[in-house]
Amino acid sequence: PTRRSSDLFALLTGGAAAFAVGPLRAPHAPMPIAMQVAAPAPATAGSGLKTVTLKNAAGDSATIYQFGACVTSYVKGGVDVLAVRPDAKLDGSKPISGGIPHCFPQFGPGAIQQHGFARNVDWDIVETTDTTAVFSLTETEYTTAMWPYKFQVLYTVTLADDALKTEFCVTNTGDKMFDFTAALHTYWSCTDIGKIKISSPDFAGATYLDKMLSPPADVKSESDTLTISKEVDSVYAGVSGDVVLADAGRSRPMTISNEIGWSDTVVWSPYGNEGMGYKEFVCVESAQAASSVALQPGEYWTGAMKVVP
């Protein structure tokens, strides 16, 4: 069943995850870009970009940049499970290459700029507590120049006792239907890329788009466990739920739990790229990438992901 945006209050205040989508469709044909508008300058605090820090009673912490609403650090038990690349820019000159950047309203290349615009603009800070932050993104002259729709994205980050929880809620606030693809392009830290295993029962027999092939092509996965020994860029359609990241250099595995909305998993590694610091991270992304979500006016969609280190 579809839901209207008037139901959104219950999502934000009642604690229960809710979502609604229109029918999944192939993305529309690219829309011509009529003009180019420069992205607004990001907000600063002192000599750097503005951030929000969450802390809980156990001493865990999370750091979120207002620029891109990008979580760049989640420290649990003294270990930061997120990674920021050594070549990342933290001055607003380009999207942050690390943490949990947003791909919206487009995943990958397409009619507008790579991975959309959500990761390279400031989001409004709606609410903060010691353990929760809520960010909002709505249309601006910059966004409508490339994607002519009215929308709101509410992104909620919660630092729980045992997990970091995220909710990404897209609402169509305009008067015409739109569709989109999206992802949390998460960089998970590791002690060594050669020591990790990524597993899910859904990997076995899944069809994935291998973007390293020329041209990219669908391939059938033969195992429920992935290892990284070469450059990887794969979109696993229909792999959702729990994905476990085990690192031989750490005492326990980490579970990436896609609770609702995110229907696909993307695995990316720039293996061999020393400048990107490839040995110290892997991207296991919660995504809606293999097919788009269509929203009629007033409808909304929510993707919820939590990570349990």
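Given the structure is predicted, the values throughout are model-derived calculations rather than measurements.
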Original post:
Do His185 and His115 have ring centres separated by under 6.0 Å?
Top reply: yes
Original post:
Going by atom types only, do Asn120 and Gln113 share a side-chain donor-acceptor pair under 3.5 Å?
Top reply: yes
Original post:
Is it true that a side-chain atom of Glu167 and a backbone atom of Ala304 form a donor plus acceptor pair closer than 3.5 Å?
Top reply: no
Subject >> Donor-acceptor pair, side chain of Thr143 and main chain of Thr140, under 3.5 angstrom >> reply: yes
**OP:** State whether the side chain of Asp247 and the backbone N or O of Ile196 hold a donor-acceptor pair below 3.5 Å, judged by distance alone.
**Re:** no
Original post:
Is the backbone of Ala289 close enough, under 3.5 Å, to the side chain of Asp264 for a donor and an acceptor to pair up by distance?
Top reply: yes
Original post:
Can a donor-acceptor pair be found between the side chains of Gln288 and Ser263 at a distance below 3.5 Å?
Top reply: yes
**OP:** Without swapping roles, check the side chain of Asp130 against the backbone of Lys55 for a donor-acceptor pair under 3.5 Å.
**Re:** no
Original post:
Looking at Lys76 and Asp60, does any basic side-chain N land under 4.0 Å from a carboxylate oxygen?
Top reply: yes
Subject >> Between Gln66 and Thr51, a side-chain donor and acceptor under 3.5 Å >> reply: no
Original post:
Do Asp91 and Lys89 meet the salt-bridge criterion of a basic N to acidic O distance under 4.0 Å?
Top reply: no
Original post:
Is the backbone of Lys211 close enough, under 3.5 Å, to the side chain of Asp233 for a donor and an acceptor to pair up by distance?
Top reply: no
Subject >> Check: Phe178 ring centroid to Phe151 ring centroid under 6.0 Å >> reply: no
Original post:
Which value, rounded to the nearest 0.5 Å, describes the distance between Leu54 atom CG and Thr129 atom OG1?
Top reply: 7.0 Å
Original post:
With the 4.5 Å side-chain cut-off for hydrophobic clustering, are Val244 and Val307 part of the same group?
Top reply: no
**OP:** With Thr265 as reference, evaluate Val239, Leu226, Asp202 under the side-chain contact (heavy atoms from CB on, under 4.5 Å) test and give the passing residue.
**Re:** Val239
Original post:
With hydrophobic residues grouped by side-chain heavy-atom distances under 4.5 Å, do Tyr278 and Val81 end up in a single group?
Top reply: yes
Original post:
Would Ser286 and Asn258 count as having a side-chain donor-acceptor pair, cut-off 3.5 Å?
Top reply: yes
Original post:
Do Trp188 and Tyr74 have their ring centres less than 6.0 Å from each other?
Top reply: no
Original post:
Mind checking whether Tyr149 and Thr173 have side chains closer than 4.5 Å, heavy atoms only?
Top reply: no
Subject >> Short side-chain donor-acceptor distance under 3.5 Å, Thr131 and Asn56 >> reply: no
Subject >> Pair Arg250, Ser189: side-chain N/O donor-acceptor within cut-off below 3.5 Å >> reply: yes
Original post:
Can a donor-acceptor pair be found between the side chains of Asp80 and Ser73 at a distance below 3.5 Å?
Top reply: yes
Original post:
Is the gap between the ring centers of Phe180 and Trp301 under 6.0 Å?
Top reply: yes
Original post:
Does Leu295 offer a backbone N or O that forms a donor-acceptor pair with the side chain of Asn172 under 3.5 Å?
Top reply: yes
